[in-house]
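Numbers restart at 1 for each chain; the letters A, B, ... are given by sequence-line order, proteins then strands.
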Protein chains: 4
Amino acid sequence: MARTVDQKRYAERREAILSAAYRQFATNGYDRTTTAAICREAGISSGTFFHYFPTKLDALVGVLLAGVETTRGELQRITAASPGLAAVLNYARVWEKDIGDEHFGGFAGAVGGLPLEPSVAAALDAESSLIAQFIGHHLATAKKQGELRDDVAVETLSTWTRWLMDGAAHSAVQGEASSGELSVAISALLSAR
Amino acid sequence: MARTVDQKRYAERREAILSAAYRQFATNGYDRTTTAAICREAGISSGTFFHYFPTKLDALVGVLLAGVETTRGELQRITAASPGLAAVLNYARVWEKDIGDEHFGGFAGAVGGLPLEPSVAAALDAESSLIAQFIGHHLATAKKQGELRDDVAVETLSTWTRWLMDGAAHSAVQGEASSGELSVAISALLSAR
Amino acid sequence: MARTVDQKRYAERREAILSAAYRQFATNGYDRTTTAAICREAGISSGTFFHYFPTKLDALVGVLLAGVETTRGELQRITAASPGLAAVLNYARVWEKDIGDEHFGGFAGAVGGLPLEPSVAAALDAESSLIAQFIGHHLATAKKQGELRDDVAVETLSTWTRWLMDGAAHSAVQGEASSGELSVAISALLSAR
Amino acid sequence: MARTVDQKRYAERREAILSAAYRQFATNGYDRTTTAAICREAGISSGTFFHYFPTKLDALVGVLLAGVETTRGELQRITAASPGLAAVLNYARVWEKDIGDEHFGGFAGAVGGLPLEPSVAAALDAESSLIAQFIGHHLATAKKQGELRDDVAVETLSTWTRWLMDGAAHSAVQGEASSGELSVAISALLSAR
DNA sequence: CATGAATGAGCCTTCATTCAT
DNA sequence: AATGAATGAAGGCTCATTCAT
């Protein structure tokens, strides 16, 4: 029983630290975020921080991997609900909401500025692979169903779709809002006409 | 006479420092780049560095503004050579070459990770405004000439074009090459069919 | 328990740093005192120094405020022991001993040379107000008891008394000893004859 | 002829640098005054500064020695005009005006904060010896003329007089004005009653 | 588990002085 | 004489990490 309580307490605290770290990284960038600031925001001591994450980089990787899990869940949900082009467009809408988050841009920048540490690169790769695979899979289905234009290979269309998503994300970081436009753009680019 | 020599010498040295700073920022990120490393790479002393750039941030802004001038030159050249859709596609090819540069990605990340200092933001704005204006101008011309699809407003097409460019840049940063594809994608997205 | 020990240890260490800082400031002046020198003299690391005093200026203010407390204590002791003119003369003797200290002059100079930072000015004000009030209070009593000359207002006599004290301090800084003369001078200036 | 012009030009420029240095030292203290700031205020280049004063310390000594000359002149003037106690009181009035100068305090502090360099100490000594000798001489005369109290030795009265002057100077530095009071205090302390 | 005092390497920046022109 | 670019040593301060309690 105690074990159960401990594990719950442990998980909650870990979550709290991750959340604090995310906000700090997003606001100040990785290098300018001090572990002390994370501790303060999470309401813990520096020693405690160390219990959960041996190094600052571990905390960043933790945030990143948590993001991967969230993404995985969203993709699964969407896959279950709608196949083909609709799935991709639905995810574009989710994406658009994510990149509109006040912290998204800062966090993306914080990570981008890093000389790619292997563990960070791995987490980043995991996330983008997940998405690339999702798009590839559903566009292949869409192709079979004749939903896509015919003059360009599916693989190329997948790449272009990701470009639009990343580009929209970049715009969002610059503070240019673009509500609802992304899925329209993707549709315009991919659809058979 | 001495004046002429001095100014030339001054400009050359400034250029050399800027170049060294660019490579360092690109490789290690802004915060992890030490002024000592820039000095070493430029072959100058720390005192000389601060003679040219009072602070590390000033050096970054210097790099950025030099980039703006380069971009301005390229855009003028292209504008003079080809109007309308062709101009945009031509710049897309230049862009594709730029983002393929081994340092481009690192430098973009280095800048992105910064809590936007006003001077940095201003330089960044100057560059993107230049490009946005260029694209807007030439797409408007293209519209008049019937080169563009009719179902989407020109302003929207401009935004989508920038999305594709930024997205391709992001891909390049991730190390995914995309030789020649960008202009094809833009053409596919914009062209009247 | 641990708490008690910690607080004691903390206070002792703080005291040791303050003491080292005092000697350094007195010997070399504020600007020429390096935090490294204070650390060396106190036997601590640079990090520890900043754990106790975030900036070098904070250490100076700490020294100053500790001095204010010492002065407050002396004045209270003297006030309790002897009222009127005697109290002032007794404090003059304490003052004479203080300014004879080998470090007094240097420290006074170190502080005087500073472009008055608000926090330094405040500490300095606190000390001189304490003394001015003490002198004013006891001379007023002396006046009532007919111990003072009658041709000059009490407030003026207070000022003059402080002038003699400050002047004697200045002499001491210049290395001119003046054992026991200050209280005689004050007495000669103030007494009813 | 050219020689005369050169010498005049040299002297004027030296004067200008000294004046700029004085204001800078007074405003910011010796250590915090940069040679660059002195150059800027004097309207010269760093190289020129070096022609006149090989080191920053030399500039300070220059300022100090110029002050000694000024003081010497004042004392001679007063000595010629009035002997005995009157001379001392007259100089007290001059002193009071000097210490009221907006830069006096700062400059005094700037010098006081220095770890006594021999050349600085020498200049300071020269000035205070001048004054001590002046006071000693005129009080001896006053003694003979029966202008002084009888219960204290002349040497002691000289010391006390300097204490009052230094103390008043200290008050002035602290920003407490004391117009006209100093000579009254000295008179009250010294006079036969 | 939790705490927070302690460490010390490393960074940006300043500035007196030199010297080629 | 005058200039101002160049130097480089030195200093205050930060912060990730450790460890005794």
Side-chain angles (χ1 to χ4, degrees), chain A residues 2 6 9-10 13 30-40 43-59, chain B residues 1-7 9-10 13-14 31-39 43-59, chain C residues 1-7 9-10 13-14 30-39 43-59, chain D residues 6 9-10 13 30-40 43-59:
Chain A
D6 281 9
R9 182 181 158 77
Y10 182 89
R13 208 149 198 190
Y30 178 78
D31 282 314
R32 295 177 180 207
T33 292
T34 65
T35 54
I38 299 176
C39 291
R40 207 176 313 123
I44 59 171
S45 71
S46 59
T48 301
F49 178 86
F50 176 73
H51 276 303
Y52 288 80
F53 301 97
T55 71
K56 188 167 76 160
L57 190 62
D58 288 322
Chain B
M1 272 300 117
R3 166 121 322 195
T4 302
V5 171
D6 280 9
Q7 285 190 353
R9 185 181 158 77
Y10 183 90
R13 209 149 199 192
R14 199 188 128 95
D31 283 314
R32 295 181 179 203
T33 291
T34 65
T35 54
I38 298 176
C39 291
I44 58 170
S45 72
S46 60
T48 300
F49 177 86
F50 287 102
H51 192 50
Y52 288 81
F53 301 98
T55 70
K56 189 167 73 160
L57 190 63
D58 288 322
Chain C
M1 270 302 119
R3 167 122 320 198
T4 302
V5 171
D6 280 10
Q7 287 190 350
R9 184 182 159 77
Y10 183 90
R13 208 148 199 192
R14 199 188 128 96
Y30 179 79
D31 282 315
R32 296 181 178 202
T33 291
T34 65
T35 55
I38 299 176
C39 292
I44 59 170
S45 71
S46 61
T48 300
F49 176 85
F50 288 100
H51 192 51
Y52 287 82
F53 301 98
T55 70
K56 190 167 74 160
L57 190 62
D58 287 322
Chain D
D6 281 9
R9 183 181 158 77
Y10 182 89
R13 209 152 197 187
Y30 178 78
D31 282 313
R32 294 176 181 210
T33 291
T34 66
T35 54
I38 298 176
C39 292
R40 207 176 311 123
I44 59 171
S45 71
S46 59
T48 300
F49 177 85
F50 176 73
H51 275 303
Y52 289 81
F53 301 97
T55 71
K56 188 167 75 159
L57 190 62
D58 288 322

Side-chain heavy atoms of C/Phe49 within contact of C/Ser45, under 4.5 Å
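A side-chain contact under 4.5 Å is absent here.
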C/Cys39 versus C/Ser46, closest heavy-atom pair with distance:
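C/Cys39 and C/Ser46 have their closest heavy atoms at SG-CA, 3.7 Å.
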For the atom pair OH (A/Tyr10) and NE2 (A/His51), what is the distance rounded to the nearest 0.5 Å?
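One finds 10.0 Å between OH of A/Tyr10 and NE2 of A/His51.
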Could you state the CD1-P distance from D/Ile38 to E/dT17, rounded to the nearest angstrom?
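It works out to 11 Å between those atoms.
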Backbone N/O of A/Leu57 and side chain of A/Tyr30: donor-acceptor pair under 3.5 Å:
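Yes, the answer is positive, given that a donor and an acceptor are paired below the 3.5 Å cut-off.
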Contact class for C/Tyr52 (heavy atom, under 4.0 Å): base, sugar-phosphate, or nothing?
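The answer is sugar-phosphate, as C/Tyr52 gets under 4.0 Å only of primed atoms, P, OP1 or OP2.
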To the nearest 0.5 Å, how far apart are CZ in D/Phe50 and OG1 in D/Thr48?
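So the CZ of D/Phe50 and the OG1 of D/Thr48 are separated by 11.5 Å.
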Using atom CZ of B/Arg32 as one end and atom C1' of E/dA9 as the other, report the distance to the nearest whole Å.
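These atoms are roughly 16 Å apart.
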Under 4.0 Å from OP1 or OP2 of E/dA2: is there any side-chain N or O of A/Arg13 that close?
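Result: yes.
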For a 4.5 angstrom cut-off between non-hydrogen side-chain atoms, does A/Phe53 reach A/Thr35?
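With C-beta onward as the side chain, the pair stays apart.
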Could you measure the distance from the OH atom of B/Tyr52 to the CD1 atom of B/Ile44? Nearest 0.5 Å is fine.
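So the gap between those two atoms works out to 8.0 Å.
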Assuming nearest nucleotide by heavy-atom distance, tell me which of D/Gly47 and C/Phe49 is located more 5' along DNA chain E.
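That would be C/Phe49.
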If I take atom CG in residue A/Asp31 and atom P in nucleotide F/dT14, what distance separates them, rounded to the nearest angstrom?
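Computing the A/Asp31:CG to F/dT14:P distance gives 17 Å.
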Expressed as a whole number of angstroms, how long is the span from A/Lys56:NZ to F/dT18:P?
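From A/Lys56 NZ to F/dT18 P: 15 Å.
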Taking 4.0 Å as the cut-off, does a side-chain nitrogen or oxygen of D/His51 come that near to OP1 or OP2 on F/dA2?
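No, because none of the side-chain N or O atoms of D/His51 sits under 4.0 Å from OP1 or OP2 of F/dA2.
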Expressed as a whole number of Å, how far does the P atom of F/dT21 sit from that of E/dC1?
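To the nearest whole Å, 22 Å.
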Could you give the CZ-to-P distance, from A/Arg40 to F/dT14, as a whole number of Å?
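Those two atoms, CZ and P, are 12 Å apart.
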Can you measure B/Phe53 atom CZ to E/dT14 atom P for me and round it to whole angstrom units?
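Atom CZ in B/Phe53 sits about 16 Å away from atom P in E/dT14.
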What does C/Thr48 touch in the nucleic acid at a heavy-atom separation under 4.0 angstrom: a base, only the sugar-phosphate, or nothing?
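The answer is base, as C/Thr48 lies within the cut-off (heavy atoms under 4.0 Å) of a base atom.
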Separation of D/Phe50 atom CZ from E/dT17 atom C1', in whole Å?
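Result: 7 Å.
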Can a donor-acceptor pair under 3.5 Å be found between the side-chain atoms of B/Ser46 and the base atoms of F/dA9?
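Such a pair exists between side chain and base.
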Exercise: identify the closest heavy-atom pair between B/Lys56 and B/Thr33:
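Scanning both residues, the minimum pair turns out to be NZ-O, 2.9 Å.
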Taking only side-chain nitrogens and oxygens of C/Thr35, does any of them come within less than 4.0 Å of OP1 or OP2 of F/dG12?
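Looking at the OP1 and OP2 atoms of F/dG12, one of them is under 4.0 Å from a side-chain N or O of C/Thr35.
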I want to check one thing: is the phosphate of F/dA2, taken as OP1 and OP2, less than 4.0 Å away from some side-chain N or O of D/Arg9?
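Yes, within the criterion.
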Five pairs at each end of the helix from E/dA2-F/dT21 to E/dT21-F/dA2: take the axis at both ends and give me the angle between them to 10°.
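Overall, the helix from E/dA2-F/dT21 to E/dT21-F/dA2 bends by 0° from one end axis to the other.
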Rounded to whole angstroms, how far apart are CD1 on C/Ile44 and P on F/dG12?
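From C/Ile44 CD1 to F/dG12 P: 13 Å.
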I want to confirm an ordering. Mapping A/Leu57 and D/Ser45 to their closest nucleotides on DNA chain F, which one lands closer to the 5' end?
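By nearest-heavy-atom nucleotide position, the 5'-most residue is D/Ser45.
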Nearest to the side chain of D/Tyr10 - F/dA9, E/dC11, F/dA1?
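Nearest listed nucleotide: F/dA1.
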